[in-house]
Structure formats: structure tokens, C-alpha cells
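Any value given below was found using the heavy atoms of this structure, including those in side chains, with hydrogens, waters and symmetry copies removed. Here, residue 1 is the first one in the sequence, and each next residue gets the next number.
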Amino acid sequence: MLEGRATGPVLVPSVGADAASFLMDVADLIPGWAHDDQGEYIRIKFPALGVQIVISNEALTPESKGSSSYSVQCI
């Protein structure tokens, strides 16, 4: 993210990881960000860096198993 590069979805093996803990950690490290928690996904924007992170709680693996994922996108 800090290098200004985007990623595709990155799967996280555990389903239902605690995103609230992640958001609290980020708030302590990087000022000036905003997040939108919709339940099935969370969008976190870092306007000063020109990037956003989208965390999906309803992703599927290539084998169609439930998973979580995240992607980094330029805004």
C-alpha cells in the first residue's frame, strides 16, 4: 500500500477474521483514513496515500470454499 501498488484479492484462510481489531490498529498508525463497514465487506480509504483496501467477508476460494479476502486499489 505504501508503495502505491494495487493487488488483486488476497485470500485469508480463516473465515470471519476480526476486522474491528485491524481497524483499531490502523487508526493508531495512520491518521486521516475513513472506513465503511457494510457487514459483507469493509472499505477503508487512505486519501492522502491515494489507496483504499477492500476486505470481503464473503469471498470464495477457487475450490468454492468460504474465505475472506482483501484487495488494495488506487483511488
Side-chain angles (χ1 to χ4, degrees):
M1 180 180 80
L2 293 175
E3 294 173 1
R5 293 184 311 194
T7 70
V10 178
L11 295 176
V12 180
S14 62
V15 176
D18 185 6
S21 295
F22 171 78
L23 294 175
M24 287 188 297
D25 289 345
V26 172
D28 291 339
L29 296 173
I30 304 174
W33 61 275
H35 76 280
D36 179 21
D37 187 343
Q38 293 296 317
E40 67 272 5
Y41 73 88
I42 301 168
R43 183 179 318 274
I44 307 165
K45 292 185 178 185
F46 301 90
L49 299 175
V51 296
Q52 68 180 2
I53 298 171
V54 179
I55 302 169
S56 171
N57 297 315
E58 296 181 352
L60 293 175
T61 67
E63 298 80 23
S64 296
K65 294 183 179 180
S67 181
S68 296
S69 71
Y70 71 88
S71 61
V72 178
Q73 304 165 353
C74 298
I75 54 172

query: Is Leu49 reachable from Val54 through a run of I, L, V, M, F, W or Y residues, each pair having side-chain heavy atoms under 4.5 Å apart?
result: no
- request: Kindly give the heavy-atom pair with the smallest separation between Ser68 and Ala59, and that separation in Å.
  value: C-CB, 3.9 Å
Under 3.5 Å, side-chain donor or acceptor atoms of residues 41-48 against the rest of the protein: list the pairs with distances, not counting sequence neighbours.
none

